[in-house]
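See structure below.
Worth knowing before you read on, the calculation uses all heavy atoms, side chains too, and leaves out hydrogens, waters and symmetry mates.
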Amino acid sequence: MENKQIIKILKNTAKLMELHGENDFKVKSYQSAVSSLERHPTSLAIMDIDELQNIEGVGKSLAQSIYQINEQGSFELFDDLSAKTPEGIVEMMQLSGFGPKKIKLIWEKLGIENLEDLLIACKENKIAALKGFGDKTQVKLQEAVEYKLSWRGYIHYREAEQLAEKIIKELKSLEGVKEVSITSDTRRKMEVIKPLEILVASENKAKIIQYVAKNDEFDLDKKNSGPLSLKFIYKPLKAEIHLIFTTKEQFVNDLFKTTAHPKHLNAELEKGESFSHILKEKQFSSEEEIYKASGFPFIVPELREGLWELNWAKENAIPDLVEMNDLKGILHNHSTYSDGKNSLEEMAQYCKDLGYDYLGISDHSKTASYANGLQEFRVKKQHEEIDVLNEKLAPFKIFKGIESDILNDGSLDYANDVLESFDFVVASIHSPLSMDEKTATNRLINAIANPFTTILGHPTGRLLLQRKGYPINHKAVIDACAEYGVVIEINAHPWRLDLDWRYVRYALDKGVQISINPDAHETNGYHDMYYGLCVGRKAGLTAKETFNAKSLDEISQYFKDRKKSALSKI
DNA sequence: GCCGTTTTCGGCCCGACTGTTTTCAGTCG
């Protein structure tokens, strides 16, 4: 079992303990073990009980629990607590801004056990009357419930892609299956997915139905399934999956039809016809042929949104989209200096092993005390270590960066003489996150105007399917970046993908450079770069417009020039 | 439940912010 899965169970156990009124210190011991385990760099699954006990915050009892979770997938305490907690309560505890204490009160005083009833209670003004609640909390709760309900059943792209790969592999092994492909939103690499759709050409539907019906992880939706499609739920993620049936002959036409957004499919082409019309004319054997028949150049699936790609195609000016091997370095990463799992050297070595030429390390700044943010003397220490490593790993280079918290007034949280010591500065907001649009926008613009800011980090602070992020005036923020020469990141973590690709297009039109940053907190985090790349491509991002596609020499010079300019402005 | 010992049990516990209080609890990063 992966560390992440084990930790998730312990984290949920702590939440349930709190919900059921367990001793606060006992809960805290679970929470502190969780935060220690989250920073543990090696696999827990291969450790015995004695070794587990050596981990800080893990004693005899937790060591045995971890061992049991790894062996059996769960442990008694979690099972007992889960058994006495309605599923809706678990969902209520996931509401952003609301923890076990508040949910416990709502459950006990009002008997509410699901999101739907909770929404009604908000509307009927019943929440504000509870002790410890008030009007503002009720409004916040209602917003959180509505947000949660509106995204129910969605999964992140990463999960959709991984799940699709697994199902496709299994379908391909079935008798009678001729062709299989992901399609619709997933093939267009949308950031969140519902339903996950897979197109299957098969001569033996019965085999497929049998495969779904027999799989314990699937819950077949007989009512909504029929001769054209099979619908079911993937239980571990509560994800909706549709298998769309077609024939081998119709496969390409149907793949095109189900992939494209209706606005792409039905857009008026040169002679007044649309792709829909063209598809009715004949059965094509490749998507390239379909575009050829339309008189258009080939358009990759992720661009088929009916937004800007057809104008590009008409002018035969589809951008040469950025690819993984265009990326020369990885910026915005954390190490054990703050809240990362791996040491500076491990982060650097792995980055080098992956074939990149440079790494930008940007641990948390001093305000982020929860994340072990760097006080000034620790910044100095890290810079000394980077100097040593740079000699050792040359020509590979580590750039000295920081993820500086943007404070309430938009200032960065070091004095200029400290800011000056970095090669680059990623400026990000971490708290507080609840602001109105004007406050948030001004706060960001102040940080952008700081001459030491190189990159704007995760501009909205959103966590897809979990929290909306603070509202900002995107255009004003992007315009400011254009004015002050600040690069904007696409935070490539699959839960963030922030800046949103829809605004990446606007940023590119304004000449703002985009950096695809994984915000890695461990070596494995580098692989998230791919998800940032996917959404960048949706916006038409090219290598030339991608900041971390610069060569080592180019980016060194850029940082140098930028600092020179900053020093002349202070 | 964990830790560190005065080795058998008492103390544990970041800090800012919000919204509720009327001095603090809950939540978050």
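- Distance, Glu76(A) CD to dG1(B) P: 12 Å, rounded to whole Å.
- Comparing the P positions of dC2(B) and dC13(B) gives a spacing of 15 Å, expressed to the nearest Å.
- For residues 468-482 of chain A, the side chain to side chain donor-acceptor pair (under 3.5 Å) pairs, not counting sequence neighbours, are Asp479(A)-Tyr506(A).
- dA16(B) and dG11(B) have their P atoms separated by 26 Å, with the value rounded to a whole Å.
- Residues satisfying the salt bridge (Lys or Arg N to Asp or Glu O under 4.0 Å) criterion with Glu108(A), sequence neighbours excluded, are Lys104(A).
- dA25(B) and dT20(B) are spaced 16 Å apart, taking the P atom of each and rounding to whole Å.
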Problem - nucleotides 10-20 of chain B: protein proximity per nucleotide (B base, S sugar-phosphate only, - neither; heavy atom, under 4.0 Å) - result: --BBBS-SSSS
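- Residue Asp387(A) qualifies as enclosed at atom CG: its count of foreign heavy atoms under 6.0 Å is above 12.
- Every pair tested for salt bridge (charged side-chain N to carboxylate O under 4.0 Å, His left out) that includes a residue from residues 45-71 of chain A fails, sequence neighbours excluded, so the list is empty.
- Tyr154(A) does not carry Lys238(A) over the face of its six-membered ring by the limits of under 6.0 Å from the centre and within 45° of the normal.
- The salt bridge (Lys or Arg N to Asp or Glu O under 4.0 Å) test applied to Lys328(A) returns no partner, not counting sequence neighbours.
- Sequence neighbours left out, not one pair with a member in residues 416-430 of chain A passes salt bridge (charged side-chain N to carboxylate O under 4.0 Å, His left out).
- Residue Ile55(A) contributes atom CD1, which lies 16 Å from atom C1' of dC3(B) at whole-angstrom precision.
- Interface residues of residues 60-70 of chain A facing DNA chain B, ordered by number: Lys60(A), Ser61(A), Leu62(A); criterion, heavy-atom separation under 4.0 Å.
- Taking the P atoms as reference points, dT22(B) lies 23 Å from dC17(B), given to the whole Å.
- Shown here, dT8(B) forms no base pair; nothing in the strands shown gives a Watson-Crick or G-U wobble contact with both key distances under 3.5 Å.
- Between dG1(B) and dT6(B), the distance separating the two P atoms is 25 Å to the nearest Å.
- Listed in residue order, the members of residues 97-116 of chain A having a heavy atom less than 4.0 Å from DNA chain B are Gly97(A), Phe98(A), Gly99(A), Pro100(A), Lys101(A), Lys102(A).
- One atom, CG of Asn54(A), and another, P of dG4(B), lie 12 Å apart when rounded to the nearest Å.
- Taking atom CD of Glu18(A) as the reference point, atom P of dG1(B) lies 16 Å away to the nearest angstrom.
- Taking the charged nitrogens against the carboxylate oxygens, Arg152(A) and Glu116(A) do have a contact shorter than 4.0 Å, which makes a salt bridge.
- As rounded to the nearest Å, dC9(B) and dC14(B) have P atoms that lie 27 Å from one another.
- When each of Leu463(A) and Val58(A) is assigned the nucleotide of DNA chain B bearing its nearest heavy atom, the one mapping closer to the 5' terminus is Val58(A).
- Here dC28(B) presents its C1' atom at 14 Å from CG of Asp339(A), a figure rounded to the nearest Å.
- With sequence neighbours left out, Val477(A) forms a side chain to side chain contact (heavy atoms under 4.5 Å, CB included) with Thr441(A), Leu444(A), Ile448(A), Leu456(A), Ile472(A).
- Nucleic acid contact for Ser96(A): sugar-phosphate only, since backbone atoms but no base atoms lie under 4.0 Å from a heavy atom of the residue.
- Within the structure, the side chain to side chain donor-acceptor pair (under 3.5 Å) test picks out the following pairs touching residues 1-13 of chain A (sequence neighbours left out): Lys11(A)-Glu38(A).
- Nucleotides dC12(B) and dT5(B) place their C1' atoms 14 Å apart, quoted to the nearest Å.
- Every salt bridge (Lys or Arg N to Asp or Glu O under 4.0 Å) that Glu124(A) has, sequence neighbours left out, goes to Lys126(A).
- Taking the charged nitrogens against the carboxylate oxygens, Arg502(A) and Glu191(A) do have a contact shorter than 4.0 Å, which makes a salt bridge.
- Rounded to whole Å, the distance from CG on Leu19(A) to P on dG26(B) is 13 Å.
- Here Asp79(A) pairs with nothing under the salt bridge (Lys or Arg N to Asp or Glu O under 4.0 Å) rule; sequence neighbours left out.
- In this structure, Gln53(A) atom CD and dC3(B) atom C1' are separated by 12 Å, rounded to whole Å.
- Rounded to whole Å, the separation between the C1' atoms of dT8(B) and dC3(B) comes to 13 Å.
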